[in-house]
Asker: 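The structure under discussion is supplied below as structure tokens; questions concerning it will follow.
Reckoned from all heavy atoms, side chains included, excluding hydrogens, waters and symmetry mates. To find a chain, count down the sequence lines: A is the first, B the second, and so on, and within it residues start at 1.
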Amino acid sequence: MSTLDATGEAARRPFPGRRVRTGDVLLQGVAGLAALGAVVLLGLIAYKIVDGARLSLSTFGLGFLTHVGWDPVHSRFGAGGFLFGTAVTSIGALLLATPLALGIALFLTELAPRWIRGPVTALVETLAAIPSVVIGLWGILVLGPVLHDHVMPALHSTLGFIPLFGPSTTGSTIFTAILVLTIMILPIVSSISRELFVGVPPELKEAALGLGTTRWEMVRGVVLPYTRGGVAAAMILGLGRAVGEAIAVAQVSGAFNNGISWNLFSSGNTLAAQIALEYQSAETNLDVSSLFYLGLILLVFSLVVNLLARVVVRRGARRQGVLAR
Amino acid sequence: MPRNGKLVRITVALAAAGLTAALAVVASVGTAGARSTGTLKGAGSTLIAPALAVWQPMYSGDSLQYSAIGSGGGIQAISHRTVDFGASDAPLTKSQGNGCNGCVQIPWALTATSPVVNIPGVAAHQLKLTGTVLANIYLGTITKWNDPAIKSLNKGLKLPNLSITPVHRSDGSGDTYVFTNYLSKVSKSWKTKVGNATTVSWPTGIGGKGNAGVAAAVSANSGSIGYVSIFYVIQNHLDLARLKNASGNYELPTIASIEASAQLVKTGRIAANNKISITNPPKSKKYANAYPLATFTYVIVPRTSPKAAELKAFITWALGSKAQSSIKKYVFAPMPDSVAKAAKKTLATLHS
């Protein structure tokens with residue numbers, strides 16, 4: 001990648017003295033227009049969201065971020081509960097998905113017999129192709145009841161001293177949302193990690209094995225440090241997906257807007273899910289504007305996540321360069 | 001090199017063609033809008049959706065397209081004129097009426113929303129509830145099925161020591177409007193704390209999207225209670241709760257009990273905007289068997305529209321006896337004459 005980037009500048013004009021060809025000019029124009037279109041579109045979306053949120057911004061100010069509740073009858077809106085729900089569900093999903101995804105990726109690159117790798121890789125990636133609304137439906141009808149009847153009571157009776165595992169009354173909970181999101185981000189993190197692990201130079205691995213390390217020591221000492229930056233970026237991409245997912249979460253989280261609780265087995269709601277559930281039924285201008293405000297928070301958050309991923313990848317690439325030399 | 005040049009040219013041609021096509025699509029979306037001749041497009045209430053599904057093949061005029069996106073969504077859709085008619089079980093609020101820019105609402109069907117329960121060990125349609133108990137369950141002050149307040153109403157039933165999960169609509173809904181309208185009439189603390197609207201701030205419980213979402217949540221969670229229109233009760237084999245009316249009788253939603261409630265409508269006293277509420281009829285011999293959660297449901301149309309003639313024809317047909325009796329099987333009661341008359345009067349004011 002990095003060598004391509006370095007010569008990219010020169011590659012644009014292979015023969016500086018040659019006459020300009022209309023085809024090239026046209027291509028440059030069309031491609032440039034497409035790129036410009038994307039930038040303009042982003043700008044317009046950002047403008048529209050800020051513009052739409054203006055009324056709510058001036059009414060509630062920053063207090064909107066901490067107020068918990070969504071009451072259209074009395075026109076009191078706040079993002080506190082949704083921020084909390086978004087943070088808990090997406091971080092929870094990331095914590096569950098990362099070790100699983102790394103395990104899958106390691107299995108597929110280092111441990112599995114060759115004939116198994118192709119089919120399993122394809123299957124794991126198929127997970128990413130399941131529409132979120134289908135996963136959500138499965139979450140309501142299958143996962144929720146199973147969790148409510150078996151998993152949550154068991155966790156509550158054994159680990160109930162931790163406030164996270166309180167009593168449960170329903171299958172539509174924050175915990176269900178975490179599991180559904182875990183399933184959705186697992187293929188993202190695992191397929192990127194697999195690509196990264198495949199890219200570890202074999203001579204490094206062979207050198208480690210030649211020094212007499214076990215396979216686990218080789219993975220810990222060579223594969224993981226070599227790919228650290230990339231794996232971190234994969235995690236951040238997964239986090240972005242978890243934060244932005246609306247439909248599946250709306251289906252399984254219980255859509256409860258009126259309080260926050262550390263009990264994972266209680267219902268809650270997230271920023272994206274609330275927008276998806278509420279935008280069609282918002283009656284007053286303030287209600288609509290407050291939904292735009294939620295969208296603004298989401299937009300700012302995903303921009304930060306993307307920038308973070310960029311920084312991490314760049315830093316990781318630099319370290320990789322040093323290690324490879 | 002020459003091969004490369006050709007490739008570039010082909011790429012450019014393809015890209016240019018793609019761009020032209022994209023621009024053409026954008027342009028046509030910009031001008032054509034959502035309508036086409038011979039079709040009436042509608043959106044909104046999930047409560048009326050089964051009726052429209054029956055009417056679709058029966059109606060010989062324009063072909064009908066309906067999306068059941070919830071009453072709140074239907075009002076928005078007709079306000080933005082992305083459909084030809086909206087459908088809502090809740091009458092337009094003042095701000096909605098202004099936002100809709102010259103819309104009229106016409107009552108066109110009569111049915112009910114009803115509490116459903118999922119309690120293991122309790123036979124179908126046996127649980128009895130009063131409005132106050134229902135309000136307290138949704139307020140979160142009654143949390144167990146074996147609460148004395150529920151037990152005293154159900155002497156013969158074995159009620160389990162099980163937590164109650166109240167299920168509500170997470171989208172804007174006419175069912176929610178009717179339900180909270182009733183709860184506001186029977187419970188003071190509901191009226192002050194929560195209120196009456198298509199979306200309210202629920203003190204407790206979980207949300208389901210659409211009637212189907214609530215039905216799914218109730219079937220999936222033992223110990224839950226929800227409210228859905230009757231069609232979804234039948235379709236999902238849910239258990240109804242009997243609801244006590246002001247005269248002291250426990251009623252299920254039937255054509256007869258809904259018609260009894262509809263007697264509340266006084267001939268010649270229907271407001272000009274057709275807003276009618278028939279929840280919780282008072283104590284009287286006339287309403288002895290009235291179902292307290294009955295509701296009219298409305299079609300919302302612009303007073304001026306290019307499709308005025310088509311809309312008039314369709315809604316007149318829907319108010320007719322053939323269309324009305326075709327939906328009786330889903331517990332839609334025929335419209336009382338007085339309401340049908342008011343509806344036709346409003347309908348006559350539509351013009352293109």
Asker: For the pair B:Trp202 and B:His168, name the ring-plane relationship: parallel under 30°, tilted 30 to 60°, perpendicular over 60°.
Answerer: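 Because their plane-to-plane angle is under 30°, the rings of B:Trp202 and B:His168 count as parallel.
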Asker: Tell me, for B:Thr199 versus chain A, whether the close heavy atoms (under 4.5 Å) come from the side chain, the backbone, both or neither.
Answerer: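 For B:Thr199, heavy atoms of backbone and side chain both lie under 4.5 Å from chain A.
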Asker: With chain B as the partner chain, list the residues of residues 61-76 of chain A whose heavy atoms fall under 4.5 Å from it, by residue number, and write 'none' if nothing qualifies.
Answerer: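 Contacts with chain B: A:Trp70, A:Asp71, A:Pro72, A:Val73, A:His74.
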Asker: Identify which part of B:Lys94 has an atom lying under 4.5 Å from any heavy atom of chain A, answering side chain, backbone, both or neither.
Answerer: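 No part of it gets close to chain A.
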Asker: Report the residues that fulfil ring-ring contact (aromatic ring centres under 6.0 Å, His included) with A:Phe175, sequence neighbours left out, ordered by chain and then residue number.
Answerer: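 So A:Phe175 forms a ring-ring contact (aromatic ring centres under 6.0 Å, His included) with A:Phe265.
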Asker: Name the member of B:Pro203, B:Ser224, B:Gly223 that forms the most heavy-atom pairs with chain A at distances under 4.5 Å.
Answerer: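 Option with the greatest count: B:Pro203.
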Asker: Please determine, by modelled atom types, if B:Asn221 and A:Thr170 share a side-chain donor-acceptor pair under 3.5 angstrom.
Answerer: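 Their side chains do contain a donor-acceptor pair, which is all the 3.5 Å distance test asks for.
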Asker: Check whether B:Thr93 gets within reach of chain A through its side chain, its backbone, both or neither, counting any heavy atom under 4.5 Å.
Answerer: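 It is the side chain, since no backbone atom gets that close.
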Asker: With ring-ring contact (aromatic ring centres under 6.0 Å, His included) as the rule and sequence neighbours excluded, what pairs involving residues 22-57 of chain A come up?
Answerer: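 Every candidate ring-ring contact (aromatic ring centres under 6.0 Å, His included) pair involving residues 22-57 of chain A fails, so no pair, neighbours aside, qualifies.
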Asker: So for B:Thr198, is it side chain, backbone, both, or neither that comes closer than 4.5 Å to the heavy atoms of chain A?
Answerer: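 Both backbone and side chain.
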Asker: Taking only residues two or more places apart in sequence, or in another chain, which ones meet B:Thr113 in a side chain to side chain contact (heavy atoms under 4.5 Å, CB included)?
Answerer: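 Side chain to side chain contact (heavy atoms under 4.5 Å, CB included) list for B:Thr113, sorted by chain: B:Asp175, B:Val178, B:Tyr227, B:Leu293.
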Asker: Select one option (side chain, backbone, both, neither) describing which atoms of B:Val194 are under 4.5 Å from chain A's heavy atoms.
Answerer: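 The backbone, not the side chain.
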Asker: Indicate whether the side chain of B:Lys185 and that of B:Ser277 have a donor and an acceptor atom separated by less than 3.5 Å.
Answerer: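 Yes - a donor-acceptor pair under 3.5 Å links their side chains.
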